[in-house]
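Model, not experiment: these values are computed from the prediction. When a residue number appears, it is its place in the shown sequence, counting from 1.
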Amino acid sequence: MTKTKKVLTSVSATIFALGMTGCGAEEESTLPPEPTDDRCNEYEWNNEEGVYQCDDDSSSYHGNYFYGGFFFASLSSLKKDKSYKNYRNSPTFEANTKPSKGFGSGSSYTGG
(Lines give C-alpha, C1' and ligand atoms only; values in the text may rest on other atoms or scores of the structure.)
Protein backbone atom coordinates (compact mmCIF):
# COMPACT_ATOMS: atom_id res chain seq x y z
CA MET A 1 0.00 0.00 0.00
CA THR A 2 1.39 3.40 -0.87
CA LYS A 3 1.80 6.18 1.65
CA THR A 4 -0.99 8.17 -0.03
CA LYS A 5 -3.48 5.31 0.29
CA LYS A 6 -2.53 4.80 3.94
CA VAL A 7 -3.06 8.48 4.68
CA LEU A 8 -6.39 8.57 2.84
CA THR A 9 -7.56 5.44 4.65
CA SER A 10 -6.63 6.94 8.03
CA VAL A 11 -8.34 10.24 7.21
CA SER A 12 -11.49 8.45 6.01
CA ALA A 13 -11.63 6.31 9.15
CA THR A 14 -11.20 9.37 11.36
CA ILE A 15 -13.94 11.30 9.54
CA PHE A 16 -16.27 8.31 9.82
CA ALA A 17 -15.57 7.93 13.56
CA LEU A 18 -16.16 11.63 14.20
CA GLY A 19 -19.38 11.51 12.20
CA MET A 20 -20.66 8.59 14.26
CA THR A 21 -19.80 10.41 17.47
CA GLY A 22 -21.85 13.38 16.31
CA CYS A 23 -24.81 11.15 15.53
CA GLY A 24 -24.66 9.66 19.01
CA ALA A 25 -24.78 13.11 20.57
CA GLU A 26 -27.86 13.93 18.54
CA GLU A 27 -29.77 11.01 20.04
CA GLU A 28 -29.34 12.15 23.63
CA SER A 29 -32.60 13.19 25.21
CA THR A 30 -33.46 15.47 28.08
CA LEU A 31 -37.09 14.33 28.16
CA PRO A 32 -38.52 12.91 31.36
CA PRO A 33 -38.90 9.12 31.44
CA GLU A 34 -41.87 7.72 29.55
CA PRO A 35 -44.84 6.82 31.80
CA THR A 36 -45.27 3.20 32.83
CA ASP A 37 -49.03 3.36 33.42
CA ASP A 38 -50.56 0.07 32.19
CA ARG A 39 -53.69 1.79 30.86
CA CYS A 40 -51.64 2.93 27.86
CA ASN A 41 -48.81 0.95 26.27
CA GLU A 42 -47.47 3.61 23.87
CA TYR A 43 -46.78 7.25 24.55
CA GLU A 44 -45.64 10.14 22.38
CA TRP A 45 -44.00 13.30 23.67
CA ASN A 46 -46.01 16.48 23.08
CA ASN A 47 -43.35 19.17 22.94
CA GLU A 48 -45.76 22.13 23.00
CA GLU A 49 -47.40 21.03 26.24
CA GLY A 50 -44.31 19.37 27.76
CA VAL A 51 -46.17 16.14 28.58
CA TYR A 52 -46.70 12.68 27.15
CA GLN A 53 -49.80 11.77 25.21
CA CYS A 54 -51.26 8.26 24.92
CA ASP A 55 -50.64 6.97 21.39
CA ASP A 56 -52.01 3.46 21.95
CA ASP A 57 -54.87 2.83 19.49
CA SER A 58 -56.21 -0.01 21.63
CA SER A 59 -56.39 2.06 24.82
CA SER A 60 -59.49 3.91 25.95
CA TYR A 61 -57.06 6.71 26.90
CA HIS A 62 -55.83 7.16 23.30
CA GLY A 63 -55.12 10.85 22.69
CA ASN A 64 -55.27 11.75 26.38
CA TYR A 65 -52.54 13.85 27.96
CA PHE A 66 -50.63 12.24 30.83
CA TYR A 67 -49.24 14.40 33.61
CA GLY A 68 -48.55 13.79 37.29
CA GLY A 69 -49.87 10.22 37.18
CA PHE A 70 -53.22 11.24 35.69
CA PHE A 71 -54.80 11.20 32.24
CA PHE A 72 -56.50 14.33 30.95
CA ALA A 73 -59.06 13.84 28.18
CA SER A 74 -58.62 17.33 26.76
CA LEU A 75 -56.04 20.06 26.59
CA SER A 76 -58.35 22.42 28.47
CA SER A 77 -58.71 19.99 31.38
CA LEU A 78 -54.91 19.60 31.51
CA LYS A 79 -54.38 23.36 31.54
CA LYS A 80 -56.88 23.79 34.40
CA ASP A 81 -54.89 21.43 36.66
CA LYS A 82 -53.10 23.41 39.40
CA SER A 83 -50.05 21.15 39.39
CA TYR A 84 -49.71 21.44 35.61
CA LYS A 85 -50.00 25.25 35.85
CA ASN A 86 -47.10 25.27 38.31
CA TYR A 87 -45.09 23.00 35.99
CA ARG A 88 -45.78 25.30 32.99
CA ASN A 89 -44.26 28.21 34.93
CA SER A 90 -41.20 26.28 36.09
CA PRO A 91 -37.70 26.00 34.58
CA THR A 92 -38.35 22.25 34.18
CA PHE A 93 -41.03 22.99 31.60
CA GLU A 94 -38.67 25.22 29.63
CA ALA A 95 -35.95 22.55 29.66
CA ASN A 96 -38.36 19.89 28.39
CA THR A 97 -39.72 21.92 25.49
CA LYS A 98 -36.70 23.78 24.08
CA PRO A 99 -34.74 22.01 21.36
CA SER A 100 -31.42 20.74 22.60
CA LYS A 101 -28.28 22.15 21.08
CA GLY A 102 -25.62 19.96 19.61
CA PHE A 103 -24.55 18.31 16.41
CA GLY A 104 -27.05 19.05 13.68
CA SER A 105 -28.84 21.84 15.49
CA GLY A 106 -27.56 24.56 13.19
CA SER A 107 -25.29 27.47 13.76
CA SER A 108 -25.77 30.00 16.50
CA TYR A 109 -23.13 32.39 15.14
CA THR A 110 -24.09 36.03 15.09
CA GLY A 111 -21.59 38.66 14.25
CA GLY A 112 -20.41 41.14 11.80
Side-chain angles (χ1 to χ4, degrees):
M1 196 180 248
T2 66
K3 285 185 180 182
T4 304
K5 285 185 179 181
K6 286 182 182 180
V7 169
L8 287 176
T9 302
S10 295
V11 169
S12 296
T14 302
I15 290 171
F16 178 76
L18 289 173
M20 294 305 290
T21 302
C23 290
E26 204 173 348
E27 293 174 11
E28 289 180 25
S29 175
T30 57
L31 298 179
E34 193 170 294
T36 56
D37 192 293
D38 292 338
R39 295 173 287 180
C40 180
N41 292 318
E42 189 175 337
Y43 292 90
E44 185 172 308
W45 180 254
N46 182 310
N47 200 51
E48 288 181 31
E49 304 310 325
V51 297
Y52 282 98
Q53 215 171 344
C54 180
D55 197 30
D56 181 355
D57 291 332
S58 64
S59 171
S60 60
Y61 292 93
H62 181 261
N64 286 12
Y65 298 90
F66 188 86
Y67 176 74
F70 299 100
F71 285 99
F72 296 87
S74 67
L75 186 55
S76 63
S77 64
L78 172 67
K79 288 185 173 186
K80 288 177 186 175
D81 183 72
K82 184 177 180 178
S83 176
Y84 179 73
K85 285 179 186 179
N86 290 337
Y87 165 63
R88 287 278 306 199
N89 294 321
S90 74
T92 304
F93 177 79
E94 293 295 323
N96 286 338
T97 58
K98 286 185 179 175
S100 62
K101 292 189 176 189
F103 185 81
S105 64
S107 174
S108 60
Y109 175 78
T110 57

To the nearest 0.5 Å, what is the distance between [atom1] on [X] and [atom2] on [Y]?
X	Y	atom1	atom2	answer
N46	L78	CG	CG	9.0 Å
D57	N41	CG	CG	11.5 Å
H62	Q53	NE2	CD	8.5 Å
T97	L31	OG1	CG	10.0 Å

Query raised in the report: Considering residues at least two apart in sequence or located in another chain, which fulfil the ring pair (Phe, Tyr, Trp, His ring centres under 6.0 Å) criterion with F70?
Result: none

Query raised in the report: With sequence neighbours excluded, what pairs up with Y43 under the ring pair (Phe, Tyr, Trp, His ring centres under 6.0 Å) test?
Result: F66

Query raised in the report: Who are the salt bridge (Lys or Arg N to Asp or Glu O under 4.0 Å) partners of E44, not counting sequence neighbours?
Result: none

Report summary line: Sorted by chain and number, sequence neighbours left out, salt bridge (Lys or Arg N to Asp or Glu O under 4.0 Å) with D56 holds for none

Looking at every non-hydrogen atom in both residues, tell me the closest pair between [X] and [Y] and how far apart they are.
X	Y	result
N64	A73	OD1-CA, 3.5 Å
N96	T30	OD1-O, 3.3 Å
S59	R39	OG-O, 2.6 Å

Under the side-chain hydrogen bond (donor to acceptor under 3.5 Å, both in side chains) rule, collect the residues that match up with [X], sequence neighbours excluded.
X	result
N89	none
Y65	none
E49	Y84, R88
S76	S74

Query - With sequence neighbours excluded, residues passing side chain to side chain contact (heavy atoms under 4.5 Å, CB included) with K85 - result: none

Query raised in the report: Is it true that a side-chain atom of Y87 and a backbone atom of G50 form a donor plus acceptor pair closer than 3.5 Å?
Result: yes

Report task. Enumerate the residue pairs fulfilling disulfide (SG to SG under 2.5 Å) with a member in residues 54-85, sequence neighbours excluded, ordered by first and then second residue. Result -> C40-C54

